[in-house]
Every structure is written in C-alpha cells, then in structure tokens.
Amino acid sequence: MFSRQVARSSSALARGFASSARSNRKVAVLGAAGGIGQPMSLLLKTDPLVTGLSLYDIRGAPGVAADISHVNTHSEVKGYEKDDIKAALTGAEVVIIPAGVPRKPGMTRDDLFNTNASIVRDLAEACAEYCPKAYIGIISNPVNSTVPIFAEVYKKKGVFDPKRLFGVTTLDVVRSSRFLGEIKGADPKDIKVTVVGGHSGATIVPILSQTAQGKDVSGETYKNLVHRIQFGGDEVVKAKAGTGSATLSMGFAGARFTNSLIRALNGESGVVEPTFVKSPLYESEGVEYFASNVELGPEGVKKINPVGELTAEEQELLKACLPDLAKNIKKGVEFVNKA
C-alpha cells in the first residue's frame, strides 16, 4: 500500500509540487540514527507528502540527515542531537518515535521496559513542551506500555488528546499479509489481514477469518501461521544472531503508517490503518488502549472500528490477549504515576 500511495503521490508531484507543498508537513523522527530510525527516515525522504524532515538522536542524527539530504527529492532534512530537541520538535506536525534499545536474543519486549520507559517518558515531556499539538506515533517497545506512558505524561502536562496518540502496530499487519501470501502463493499486496489487540506475543490477534485468503486456513497450518505472526520478531532477532532486531521491516511499517496519517491529515477520506489507541472496545475489561482498524482523519483518530465477528479460535486468542494487555497498560501507567 505504501508504495502504491507513494506512486500516486509521485504522479501528483509531477502535475505540480505546489499542491502538496501547501500542506507543509514537517515530520520529526526521534531516534533517527538507530536501526529503525535510519531506514524509516530514508523512506520518509522519498515520500512526496513529507516536505520537512527533522531527525533527532542523542548522537549521529546530523550525519544521517546529511546523508539522506542528498536523495533527490524536494523535502528539506535537518539533523539534531543531544540538547537540540527544542529545535528538532518546533513546528513538527507529526512525530514518530523509534528511540530506545533493540531486543537481543532471549529478550522479551518487557525486558526492554526499564530502559525504554525512561526514554519515552523524557521524549514525551519534550513533545508536550515544544509540539503539544503534534500527532505522535510510538514505535519504541514495549508499545503496549510506552503508549500509556506517553499519555500519562501528557495528562500531567494538560495537553493529552487521545485522537493524536498512536502506537504503530503496522508491522503486525505487514507480516500477516506477507506470511499468508507465502502459504497461498498470492501477492501480499492483495491481502489485507486485520490484526487487533496489542503489539507483543500473545497480545497480537490476527483475524484471518475476515480475509478471503485466510478464512480456510486451518489445523496445524493455522496454528503455525498465528504463532509466526505473533512471534515474527523473534525470528528476526534469532537470524541476526545478537546484532539487532526487526529494524528494516519496522522502518518500512513506520513509514507506511506515517504516509497514511499524512494523507488523512491532508483530507483524504477512507484511510484505515491498524493502530494502538485509547479505545472503548474493551475498556470495561480494564483494557484502556487497544489496537484495531482505525479510520484516520484531519483530527487524527476519526473512527475506531469494532473487531467484528470472530471464529472460536479467534475468540480464544482474544481471551488470552486481554489479561496480558491490561497488565502491560497498567505497568506503563504506574511507571509515570509512581510515588
């Protein structure tokens, strides 16, 4: 989808760049020199809808910006590090945050919590001060906890708007369409799998029954496919043998989500992406944030779509998801509000 949208945007660009330039969409990437930040920033540089790209990291971002700035697209790129976060965030309309440490073999997303929670809290405080009206996309793991951390900081600062805060779970959908395509011998671009819940392990719930190519997958094939979707990150961590995690595919997914969000901000209708947001769907069960298909609009979250009809197997997956997700959310909330 991202590539097709970029192609369409490129056609619009050929007809006249001024029509896109008037939107003047400045995107800030926090953690731009990291394993996710670099490929995602490169993809954002190639997106005609991004007219300004602000790259920030504690070190290395000016070099990444200098490198990416040589790509022959119209957007301007600037890099910032250490104490320059005010300049990096001022004027940003969209902020995407992949900052944090990557997973290593044997680590779960929860193992990342102590380090990444502090990073996200500090970045949330900076965003609340310098770009409180920006639309925020959180990639930093564990997303199930870091999104609530960001929200709690914003609440304390008096600037929280649930329609402007997103956990980027797009990679789960990207993986689902790819893995199902492999089984069916079909082009992944023609497969759309709804994935709900959270963004780690058993909290990831693929709704294969709602996809034409997935509704007849059963038995061991079904179980193996669900497991691979839920734990696809482990596959990459193991293959990289301690040198990293799913950075390139996550960079792609982050760029796709950003593209979708900007298209919606620009007034395009019918833009739907999976994302982890403050949601009423399972709030009565203690789950304040939940990923589902969300229609995006100029206000950010326009409509949160219901999960829809589930098979018995999917109902069991959702049943297993909700208690874990509630614990993850609570952990994030308590991190900010602890005495």
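Only a predicted model underlies this, so the values are computations on that prediction, with no experimental measurement involved.
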>> Out of the candidates R263, K303, K302, only one should pair with E295 under the salt bridge (charged side-chain N to carboxylate O under 4.0 Å, His left out) rule; please name it.
In response: K302

> Parallel under 30°, tilted from 30 to 60°, perpendicular over 60°: which one fits the rings of F113 and F335?
Replying inline: perpendicular

>> Looking only at side-chain N and O atoms, does N144 offer a donor or acceptor that is under 3.5 Å from a partner on H199?
In response: no

> Within a radius of less than 6.0 Å around CD of E76, do more than 12 heavy atoms belonging to other residues, nucleotides or ligands occur?
Replying inline: no

> Are a donor atom and an acceptor atom from the side chains of K240 and T247 found within less than 3.5 Å of each other?
Replying inline: yes

> Taking only residues two or more places apart in sequence, or in another chain, which ones meet D216 in a side chain to side chain donor-acceptor pair (under 3.5 Å)?
Replying inline: K184

>> Tell me whether E235 is salt-bridged to R228, with the criterion being a basic N under 4.0 Å from an acidic carboxylate O.
In response: yes

Side-chain atoms of residues 308-323: list all donor-acceptor pairs with protein atoms under 3.5 Å, sequence neighbours left out, distances to 0.1 Å.
from, atom 1, to, atom 2, distance (Å)
T311, OG1, E313, OE1, 3.4
T311, OG1, E314, N, 3.2
T311, OG1, E314, OE1, 3.4
E314, OE1, S209, OG, 2.7
E314, OE1, T311, N, 3.0
E314, OE2, L208, N, 3.1
E314, OE2, S209, N, 2.9
E314, OE2, S209, OG, 3.0
Q315, NE2, L310, O, 3.4

> side-chain contact (heavy atoms from CB on, under 4.5 Å) with A202: which residues, sequence neighbours excluded?
Replying inline: D324

> Does K78 reach the side chain of S54, with side-chain heavy atoms less than 4.5 Å apart?
Replying inline: no

> Taking only residues two or more places apart in sequence, or in another chain, which ones meet D161 in a side-chain contact (heavy atoms from CB on, under 4.5 Å)?
Replying inline: K163, R164

>> Under the rule for side chain to side chain donor-acceptor pair (under 3.5 Å), what residues qualify as partners of N293, not counting sequence neighbours?
In response: T194

> If Ile, Leu, Val, Met, Phe, Trp and Tyr residues are connected whenever their side-chain heavy atoms lie under 4.5 Å apart, and connections chain through other members, are I304 and I329 in the same group?
Replying inline: yes

> Can you find a heavy atom in the side chain of T146 that is under 4.5 Å from one in the side chain of N141?
Replying inline: no

> With a 4.0 Å cut-off, would you call R178 and E182 a salt bridge?
Replying inline: yes

> Excluding sequence neighbours, so at least two apart, what forms side-chain contact (heavy atoms from CB on, under 4.5 Å) with S177?
Replying inline: P188, I191

